[in-house]
Amino acid sequence: MDVTIFGSGYVGLVTGACLAEVGNQVLCVDVDVDKIALLNSGGVPIFEPGLDDLIAKNKQAGRLRFSTDPEEGVAHGLFQFIAVGTPPDEDGSADLRHVLAVAAAIGEHMTSYRVIVDKSTVPVGTADRVAETVRLAQHERGHAVEFDVVSNPEFLKEGAAIDDFMRPDRIIVGTDNPRTGELLRALYAPFNRNHDRVMLMGVRSAELTKYAANAMLATKISFMNELSNIAEAVGADIEMVRVGIGSDPRIGYQFIYPGCGYGGSCFPKDVRALERTARSKGYQADLLQAVEAVNDRQKNLLFSKIEQYFQGNLKGKTLALWGLAFKPNTDDMREASSRRLMEQLWAAGARVRAFDPVAAEEARRLYGDRADLELVENRMAAVEGADALVIVTEWNEFRSPDLSAVQAQLRSPVIFDGRNLFDPAQVNGAGLTYVSVGRVPACIV
């Protein structure tokens, strides 16, 4: 099938590459001239495991192309995917300017029937606004063409996005037109062969499903972080509690790891956007507000523990950070816990020496060259001569370090672990003080 994707960011590139991989002719359109030039020259603007090879393979096969021309994009595809950003507005609601700009371009240029697919994460009611925008553009040009608007939210985990797309748990299609539902079912047939994963529902239900999924996962994380703080207060070990409750199949083990707060491009903005949507309808979503408040507070936890350990005297100290990305297998630092921590450390007069396997360039882009930030090439280079080690991201290569070597390099023998990667007894046995999340007993030497 012929598919156009507006937006060549995270969702757009993964969607385009995976749809091309199963034989579709895909054209990705973006207004960013530099990004399209990079893609056409063989580069990829984001880090996602396997994505660069998938894009190169399908470009070479002639199934995947990139353009800045919206007219070409509208002419190309029966399916017009909208996969542009919906950043939070000043009040926390989703900013739909980019989505509606694409809708206007489609309405301006379309000459035959098109299926407009909202792939971006958008508030309930956005499909109606997209349809209205397309109709208005058609009215202004004096030429009406039939179209349908579908909600088809993405459920991609950064770091595992290709596998998520190729082997989806579910394929949500929100449409009020049975014919359009069958067209989407045909498009997704290659990803739906093992058993039927397509779930047809109303447009608004599909739009809410995406927000509901992310809000539920964020709630589990904030709940465990709340429990971890209670565990510290009462002298319990949150890791034992986690195993105890995770064994209950009604709860399960996924997303119940305590830590130093969630970040990324989805959970923070989607929880806020859903709460603002509820508020706009006159409903006060107390639980969503609490999820957001707990996460915001949790991002202060590491700095609070560091400041307490050093008795408020951080001026001139050097802190080694392992991890900058908000999670492993991505270079995404949007709302990452590392950013809150680094900014707090700098405000207190400390220096940061950081290592992340892939996010160093993103940190340079965000913070530029500054005397109190050093980005190094490996984990032990970060530790050498530092006053303490802080673990912020749970990359696999951080899970089994030589703790004795770490102890020998640190000026103060202490690890602040925001992801609970280690056995406290092992860390203590290497002569290190271990300050983690919700694990007070046996953590201090």
Side-chain angles (χ1 to χ4, degrees), residues 228 232 237-239 257-261 299 301-329 331 333 336-342 344-346 348-360 363 372-445:
S228 72
E232 284 196 13
D237 185 342
I238 193 62
E239 284 300 300
Y257 288 87
C260 51
K299 287 184 177 181
L301 183 68
L302 279 175
F303 178 76
S304 176
K305 289 176 178 289
I306 294 167
E307 188 178 43
Q308 182 180 10
Y309 180 87
F310 287 105
Q311 300 179 328
N313 182 24
L314 290 171
K315 189 174 180 62
K317 295 284 193 298
T318 297
L319 281 297
L321 261 62
W322 282 2
L324 293 167
F326 86 94
K327 63 178 285 189
N329 299 317
D331 61 351
M333 289 181 62
S337 298
S338 64
R339 296 180 64 175
R340 174 80 63 87
L341 175 60
M342 287 193 295
Q344 290 173 321
L345 290 170
W346 292 330
R351 297 179 70 254
V352 171
R353 188 186 302 136
F355 168 69
D356 187 286
V358 300
D372 50 9
L373 173 61
E374 182 183 359
L375 299 168
V376 296
E377 297 299 319
N378 61 71
R379 63 186 188 184
M380 290 308 294
V383 172
E384 186 176 352
D387 290 282
L389 169 61
V390 189
I391 299 172
V392 190
T393 313
E394 62 273 32
W395 286 93
N396 280 339
E397 68 179 89
F398 298 159
R399 293 180 180 274
S400 298
D402 183 338
L403 293 172
S404 296
V406 170
Q407 193 272 347
Q409 293 292 338
L410 291 174
R411 292 178 183 171
S412 302
V414 58
I415 295 177
F416 299 91
D417 186 355
R419 300 299 175 185
N420 286 0
L421 296 188
F422 306 136
D423 177 355
Q426 275 191 316
V427 181
N428 295 160
L432 289 153
T433 295
Y434 188 49
V435 182
S436 52
V437 179
R439 308 181 73 184
V440 171
C443 292
I444 308 296
V445 296

Quiz item: Can you check whether V414's main-chain N or O pairs, donor with acceptor, with T433's side chain at less than 3.5 Å?
Solution: no
Exercise. Please report the shortest heavy-atom distance between A363 and L324, naming the atom on each side.
Key: CB-CD1, 3.9 Å
Self-check item: Value rounded to 0.5 Å, distance of OG in S436 from CG in L302
Solution: 10.0 Å
Quiz item: Taking S228 for the side chain and V437 for the main chain, is one N or O donor matched with an acceptor at less than 3.5 Å?
Solution: no
Quiz prompt | P328 side chain reached by N396 side chain, heavy atoms, under 4.5 Å | solution = no
Quiz item: Quick one: side chain to side chain donor-acceptor pair (under 3.5 Å) partners of Q407, sequence neighbours excluded?
Solution: none
Practice problem: Please tell me if the side chains of P357 and F398 come closer than 4.5 Å, counting only heavy atoms from C-beta onward. | Solution: yes
Quiz item: Looking at L375 and L373, what are the two nearest heavy atoms and their distance?
Solution: CD2-CD1, 4.0 Å
Exercise. Mind checking side chain to side chain donor-acceptor pair (under 3.5 Å) for K327 and listing every partner two or more places apart, or none if nothing turns up?
Key: none
Quiz item: If you look at every heavy atom in S338 and M333, which pair is closest and at what distance?
Solution: OG-CE, 3.9 Å
Self-check item: Any residue meeting side chain to side chain contact (heavy atoms under 4.5 Å, CB included) with E239, in chain and number order, not counting sequence neighbours
Solution: D237, R242, P258, N420, R439
Quiz item: How long is the span from the NZ atom in K299 to the CG atom in L301, to the nearest 0.5 Å?
Solution: 13.0 Å
Quiz item: Can you list every salt bridge (Lys or Arg N to Asp or Glu O under 4.0 Å) pair that touches residues 385-407, not counting sequence neighbours?
Solution: D387-R411, E394-R419
Self-check item: Which residues share a side chain to side chain contact (heavy atoms under 4.5 Å, CB included) with A350, sequence neighbours left out
Solution: L314, L319, L345
Self-check item: CH2-CZ distance between W395 and F355, expressed to the nearest 0.5 angstrom
Solution: 8.5 Å
Exercise. With the side chain counted from C-beta on, respond yes when I415 and L403 share a heavy-atom pair under 4.5 Å apart, and no when they do not.
Key: yes
Self-check item: Sequence neighbours excluded, every pair satisfying ring-ring contact (aromatic ring centres under 6.0 Å, His included) that has a member inside residues 372-391
Solution: none
Quiz prompt | salt bridge (Lys or Arg N to Asp or Glu O under 4.0 Å) involving R353 - partner list, sequence neighbours excluded | solution = E374
Self-check item: All pairs passing salt bridge (Lys or Arg N to Asp or Glu O under 4.0 Å) where residues 301-319 contributes a residue, at least two apart
Solution: E232-K305
Self-check item: Reported OG-to-CG distance for the pair S304 and L341, which is rounded to 0.5 angstrom
Solution: 11.5 Å
Exercise. State, with a plain yes or no, whether a side-chain heavy atom of M380 is found less than 4.5 Å away from one of V406.
Key: yes
Practice problem: Identify, with sequence neighbours excluded, every residue that meets side chain to side chain donor-acceptor pair (under 3.5 Å) alongside D372. | Solution: R370
Quiz item: Quick one: ring-ring contact (aromatic ring centres under 6.0 Å, His included) partners of F416, sequence neighbours excluded?
Solution: Y309
Self-check item: Set of residues satisfying side chain to side chain donor-acceptor pair (under 3.5 Å) with respect to W322, sequence neighbours excluded
Solution: none
Quiz prompt | Contact summary for A336 and A325, nearest pair of heavy atoms | solution = CB-C, 4.2 Å
Quiz item: Under the side-chain contact (heavy atoms from CB on, under 4.5 Å) criterion, do C260 and V392 qualify, and how do the steps go?
Solution: CA-CA 7 Å; C260 51; V392 190; 4.2 Å; yes
Quiz item: Going from OG on S404 to CD on Q409, what distance comes out if it is rounded to the nearest 0.5 angstrom?
Solution: 12.0 Å
Quiz item: Does V427 reach the side chain of D417, with side-chain heavy atoms less than 4.5 Å apart?
Solution: no
Practice problem: Output all residues satisfying ring-ring contact (aromatic ring centres under 6.0 Å, His included) with Y257, sequence neighbours left out; order by chain, then residue number. | Solution: none
